[in-house]
Amino acid sequence: MAQMTMIQAITDALRTELRNDPNVLVFGEDVGVNGGVFRATEGLHQEFGEDRVFDTPLAESGIGGLAVGLSLQGFRPVPEIQFFGFVFEVMDSIAGQLARQRYRSGGRYSAPVTIRSPFGGGVHTPDMHADSLEGLMAQTPGVKVVIPSTPYDAKGLLISAIRDNDPVIFLEHMKLYRSFRQEVPEEEYTIPLGKAEVKREGTDVSIITYGAMVHESLKAAEELEKEGFSAEVIDLRTVSPLDIETIVTSVEKTGRAIVVQEAQKQAGVAAQVVAEINDRAILSLEAPVLRVAAPDTVFPFPQAESVWLPNFKDVIETAKKVLTF
Amino acid sequence: MASKLKNAQLDAQKALEAVEEQFQTLQILNEQGEVVNESAMPDLTDEQLQELMRRMVYTRILDQRSISLNRQGRLGFYAPTAGQEASQLASQFALETEDFILPGYRDVPQIVWHGLPLSQAFLWSRGHFEGMNIPEGVNVLHPQIIIGAQYVQTAGVALGMKKRGTKAVAITYTGDGGTSQGDFYEGINFAGAYKAPAIFVIQNNQFAISTPREKQTAAKTLAQKAVAAGIPGIVVDGMDPLAVYKATRDARERAVNGEGPTLIETLTYRYGPHTMAGDDPTRYRTADLDNEWEKKDPLVRFRKFLENKGLWSEEKETEVIEQAKEEIKEALKQADAAPKQKVTDLMSIMYEEMPATLKEQYEIYKEKESK
């Protein structure tokens, strides 16, 4: 088995599906000869040619429209939005068009489109590159939103996303692209969308999280262990639709929960998870469900990002609040 | 240096004027129904000419009936089409079945003539999701509501056709206002860059709801916007069915021969309001302007042209009108027979498979709607 970074696992997933299905097309700004600004499409243009892997003019709405149109011709487009902060330019294609294609056509047309895009803080990008905007997407009926936290998950989830017959927003945390390697099978495998994973079992508190915060939460769980608290860590992997069953089962066991997200606190995925727990498991709770999140601002300019971003210490502090409630 | 810069600015102005001068309006039939441009006459048989006239008369009746049905509350959303028959129907007439239409909200006639059953167009107007459940083999998309979005999608459909090697084109429509959208530029630019077989039609009916054409842009013609995308553009008399047909047919020819997209501006006019939802054109248009355009009416000039050739008569016209009325009545009956749309229908079709939470909500609404 090969040791891969997340970016290599993503390239591997794209290659797998380009080989498997002649309808899969990979395109976006600089994804062709250049292999993408993060090298996510490295070597694919050479292997599959201009017809399957190609550059687009520099216009995100055009890329979204291209995906809509190609899907109407029976293709399975996998466009890249170079940085997810640019999503505002393509919001109509996502929320106004792709998400509604199936309903609007009474089921005649589906939109099997996977939009890949890097996001996330901690890598000192300019403005409009790092914001966590998955909450905007998760509020959009008709699309699925997937955020892997490991190379292994990235490959299995991306293959599932490409094969899915509904539009999927596949968000890749920039800090995780090359931060560590993991054993990733060279052969194809899938991880179902909409299924969370218990990353670490525990009995005292459930830490529900996703993306880069999975790693902060695991680190926090180790520290808590030293202090005699057993924390369970759940990686949502798909933030829309949520895996309610895994969340509720865990909370019923531990009786305490916190939800950790990198995004600003307001109206996000964490708020949705808290609400679902309150709806379904309130009688199991020994303490209120608290959130760890960034402040309600836009993503900061790089000089302030280390303080702005939630980290394992914030997770420990908040976990202790519910553990000692 | 200073004088060079001055010259450069002067040249830029000249360059613009030189470009704008190229965009003269193509006309084949004048307002009196006389052929004024014999060399541009499209190759149409007598039967084809009669069929095009039949469709224009039929659609004028459909428009009148739709307006009155809307007033009676028997139709919902409706954007009147009278005045634009040549622009809409002659461009569709230039297509083949395998060509794919991405319409704007006023472009229902084109997709009906391309194969969408009229009963479904009525269902769509009533806000029923089965309205745009397009039958297999009918190559059209639902009318687009977001102005300009159909332009970028057309680049995608056309690129898909090119990749598949199909000898077909994707055609789309927007209005004069639509040319101000970013998606308009992105669509024609993408299609140009990929040399995709697309036809972009601008139906310049002079007003975007109430905003006059001259407030949209400093450009003298809308067709000249093609120049920036590096694709051919042409202005046609949009009240002249033969000019519209010719321009569209030529564009189709180029597209299927691998020569890329074309932008067509049709100069036309909508006689009625923007939609039937309360728009009052007397607030922004004068009666004089209305009269001026009504003199250019596409049906009047085409009727004269055909009558002179002995291809049309009052009896023929009456026959078409009666047939239209009969078929509209029948289509309405079919639309009336469709089961009422439910919220559960919407829920079950948001995704291929309902997520667990939506399934729970589905059960709640199923119960609600069974009462």
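In what follows, every chain begins at residue 1, and chains take the letters A, B, ... in the order their sequences are listed.
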Could you give the distance from [atom1] ([X]) to [atom2] ([Y]), rounded to the nearest 0.5 Å?
X	Y	atom1	atom2	value
B:Ile146	A:Ser93	CD1	OG	10.5 Å
B:Ile145	A:Asp92	CD1	CG	11.5 Å
B:Tyr351	A:Arg102	OH	CZ	11.0 Å
B:Glu130	A:Arg108	CD	CZ	12.5 Å
A:Gln73	B:Thr166	CD	OG1	6.0 Å
A:Ser61	B:Phe190	OG	CZ	8.5 Å

Legend entry - Trace of the side-chain contact (heavy atoms from CB on, under 4.5 Å) decision for B:Val152 with A:Leu66: CA-CA 6 Å; B:Val152 284; A:Leu66 210 62; over 6 Å; no

Side chain, backbone, both or neither of [X] within contact of chain A (heavy atoms, under 4.5 Å):
X	result
B:Gln181	neither
B:Gln120	neither
B:Tyr185	neither
B:Gln153	both
B:Gln144	side chain
B:Ala193	side chain

Legend entry - Distance under 6.0 Å and angle within 45° of ring axis: B:Lys163 vs A:Phe54: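 Yes, B:Lys163 sits over the ring of A:Phe54.
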
Inset, instruction - Report, as yes or no, whether the 6.0 Å neighbourhood of atom NZ on B:Lys366 holds more than 12 heavy atoms from other residues, nucleotides or ligands. - result: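 It does not: B:Lys366 NZ has 12 such atoms or fewer within range.
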
Inset, instruction - Mark yes when over 12 heavy atoms from residues, nucleotides or ligands other than B:Gln361 sit less than 6.0 Å from its CD; otherwise mark no. - result: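 Enclosed.
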
Inset, instruction - Please name all residues satisfying ring pair (Phe, Tyr, Trp, His ring centres under 6.0 Å) with B:Phe200, sequence neighbours left out, ordered by chain then number. - result: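 Ring pair (Phe, Tyr, Trp, His ring centres under 6.0 Å) list for B:Phe200, sorted by chain: B:Tyr151.
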
With a 4.5 angstrom heavy-atom cut-off, is it the side chain or the backbone of [X] that approaches chain B, or both, or neither?
X	value
A:Asp55	backbone
A:Glu276	side chain
A:Leu70	both

Inset, instruction - Kindly determine whether A:Arg280 and B:Glu360 satisfy salt bridge (charged side-chain N to carboxylate O under 4.0 Å, His left out), including the steps that lead there. - result: CA-CA 12 Å; A:Arg280 295 160 197 275; B:Glu360 288 173 2; 2.7 Å; yes

Legend entry - Side chain A:Arg100, main chain B:Met350, donor-acceptor under 3.5 Å: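 No: the side chain of A:Arg100 does not pair with the backbone of B:Met350.
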
Legend entry - Backbone N/O of B:Glu352 and side chain of A:Asp166: donor-acceptor pair under 3.5 Å: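 Answer holds: yes.
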
Legend entry - Where B:Val140 and A:Tyr109 come nearest, the two heavy atoms and their spacing: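 Closest pair (atom of B:Val140, atom of A:Tyr109, distance): O-OH, 2.8 Å.
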
